[in-house]
Amino acid sequence: MELLSVAEMARADTLAVEAGVASFALMRSAGEAVAEAAQALAPTGDIVVVAGRGNNGGDGFIAATDLAARGRKVSVMLLCKPDTLKGDAARAAQQWRGPVLSFSPVALGKPALIIDALFGAGLDRDVKGEPRAMIEAINASGAPVLAVDLPSGINGSTGEVMGVAVNAVRTVTFFRKKPGHLLLPGRLHCGEVSFADIGIPPSVLETIQPQTFENIPEGWRSHFPVPDAAGHKYGRGHVVVTSGGLAHTGAARLAARAALRGGAGLVTLASPRDALAVNAVALTAVMVREIETPVDFAAYLQDPRLNVCILGPGAGVGARTRDMVLTALSGPRAVVLDADALTSFAAEPQTLFKAIATQAIAQAVLTPHEGEFARLFASLAGKDHALSKLERARLAAKESGAVVLIKGADTVVAAPDGRASIASNAPPWLATAGAGDVLSGMIGGLLAQHVPAFEAASIAVWMHGEAARHFGPGLIAEDLSEALPAVVSDLYRRFDVRL
């Protein structure tokens, strides 16, 4: 599903009006959708609408009028004087026949529900003064809050809290979600999010051509690999995972097992001599091969069936890891770089980016967590304003020439061409040691099956979260690969795949 920035949503409104949809009809539909949600959230009791001076406030007035017509006791608290409202918001306010209370925190009282129609998604400055005091009072009231479009105080494009923000239990947005509904910390303020069809024709998306998407299966269904009944293991690719030394082998084994569970036909662990025995004892379906030096690695990679390399988990930071990465990037294969493979280039990132640029196929995926990202993309720290996670991922993908995945509860995947996906399905227990190594392996397993890099990373991120959900609390990294078959089976049913 497409996500629209604040500017893109404004463009959608404009295009709808140009196509013949009355702007007030859009506001009426939005307000009625809010009223419907309010009735479901609080079937009885008093309702207070806190309204701002813009169209968000207009939506609030429409909702108040609709709810009053249903026999509900509703009051409106307006940030400004009614006669200063303009356009559709003024028209909506003129239709309201109920009380307009003073804009004072003490006037909130103890309602059954507060409708937050103070600010819309376009807020781009810190909340101060009376609005700040009101938001703080809303949060302290104990009443459930229904947010109109986005909780007041959240930037719709970045998810940033602009000083202070409403804590809603539910948010009703319109036509499409915004990035701020999914990016942290904004998502934490939204509660349950639903979006209403208010009459904007979907055809406006053909003009807008959004490049940001919610990471859900419907977005990558056509790229999801399904085994061919007449296929064989080599047709599903061969992944090579490089291991660290004797004391650091677990991460690579986690990645290797995940690559196999992720669908690769074969997986080999390239192990230095001192770790060969421990890796061989610990692995069964994953093959083990002694690879001591980058020269050994280059010789092994002459086999054209080896179509994916995963480097970094437990590899160690230094020259050997850098040379192994550059060796992997020198041929026609997909490469996943994580952990130590990224940090090893922190002092010379352009060396890595140049190697990616000259890669025989543009299928490199970088999977940093925030610390690794800051080290590798230190150039982005000098911008004149704080960048959102989405902005940083996009700029990093463009600079590096690779698909960049910034891990977290709101994992963002960005491609050099500007496309980006944002995930929101990761449960909190996914934050456990080794989970990132498993994710790298899953990406490699999908790449081995010839899934394009952006889609492979997005699919793996979603399945990673779902595997954690399937297992539940108490999860450790080893459990993720074992939960993958259930996740894939669910996807087959969802996509109506018959094998």
Side-chain angles (χ1 to χ4, degrees), residues 157-160 179 182-187 211-212 215 251 255 310-318 321-322 325 329 335-357 363-424 426 430-444 453-454 456-458 460-462 464-465:
S157 294
T158 69
E160 182 183 359
L182 302 183
L183 292 170
L184 297 181
R187 191 175 86 216
Q211 290 282 78
T212 310
N215 190 350
I310 301 173
L311 304 97
V317 175
T321 297
R322 286 196 299 274
V325 169
L329 288 168
V335 177
V336 182
L337 303 179
D338 187 23
D340 293 344
L342 302 174
T343 301
S344 290
F345 286 93
E348 45 182 304
Q350 293 306 319
T351 300
L352 174 61
F353 303 159
K354 183 178 179 181
I356 291 170
Q363 289 282 84
V365 181
L366 315 184
T367 66
H369 58 54
E370 289 286 2
E372 292 157 353
F373 183 92
R375 289 190 287 271
L376 187 62
F377 294 99
S379 60
L380 298 182
K383 299 296 180 181
D384 57 2
H385 68 283
L387 298 173
S388 71
K389 191 171 189 175
L390 179 60
E391 291 171 313
R392 288 186 290 120
R394 276 203 169 106
L395 289 171
K398 185 176 181 180
E399 181 180 357
S400 66
V403 168
V404 174
L405 182 161
I406 308 181
K407 291 181 281 200
D410 55 350
T411 295
V412 174
V413 179
D417 63 9
R419 289 175 298 156
S421 68
I422 305 174
S424 61
L430 187 54
T432 185
D437 305 314
V438 173
L439 177 59
S440 294
M442 291 168 61
I443 296 169
F454 175 73
S458 297
V461 166
W462 187 87
H464 195 236

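All of these numbers come straight from a predicted model, not from anything done at the bench.
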Closest non-hydrogen atom pair between [X] and [Y], with its separation:
{"X": "Ala414", "Y": "Ala397", "value": "O-CB, 3.6 Å"}
{"X": "Ala393", "Y": "Val404", "value": "O-CB, 4.2 Å"}
{"X": "Leu182", "Y": "Ile422", "value": "CB-CG2, 3.7 Å"}
{"X": "Gly312", "Y": "Ala339", "value": "O-CB, 3.7 Å"}
{"X": "Val365", "Y": "Ala457", "value": "CG1-CB, 4.3 Å"}
{"X": "Ile310", "Y": "Ser440", "value": "CD1-O, 3.5 Å"}

Can a donor-acceptor pair be found, under 3.5 Å and without considering hydrogens, that links the side chain of Thr321 to the backbone of Val317? no

For the pair His464 (side chain) and Leu430 (backbone), establish whether a donor and an acceptor sit closer than 3.5 Å, ignoring hydrogens and angles. no

Is Glu370 paired with Arg392 through a side-chain N to carboxylate O contact shorter than 4.0 Å? yes

Side chains of [X] and [Y]: does their closest heavy-atom pair fall under 4.5 Å?
{"X": "Glu348", "Y": "Leu352", "result": "no"}
{"X": "Leu439", "Y": "Thr411", "result": "no"}
{"X": "Leu366", "Y": "Ser400", "result": "yes"}

Sequence neighbours excluded, the answer for ring-ring contact (aromatic ring centres under 6.0 Å, His included) partners of Phe377 is Phe353, Phe373

Atom pair [atom1] ([X]) and [atom2] ([Y]), whose distance is rounded to the nearest 0.5 Å:
{"X": "Glu391", "Y": "Leu183", "atom1": "CD", "atom2": "CG", "result": "9.5 Å"}
{"X": "Arg394", "Y": "Leu380", "atom1": "CZ", "atom2": "CG", "result": "14.0 Å"}
{"X": "Glu372", "Y": "Asp340", "atom1": "CD", "atom2": "CG", "result": "7.5 Å"}
{"X": "Leu184", "Y": "Ser388", "atom1": "CG", "atom2": "OG", "result": "12.0 Å"}

Pairs touching residues 396-414 that satisfy salt bridge (charged side-chain N to carboxylate O under 4.0 Å, His left out), sequence neighbours left out: Asp338-Lys407, Lys389-Asp410

Results of salt bridge (Lys or Arg N to Asp or Glu O under 4.0 Å) for Arg419 - residues two or more places apart only: Asp417, Glu455

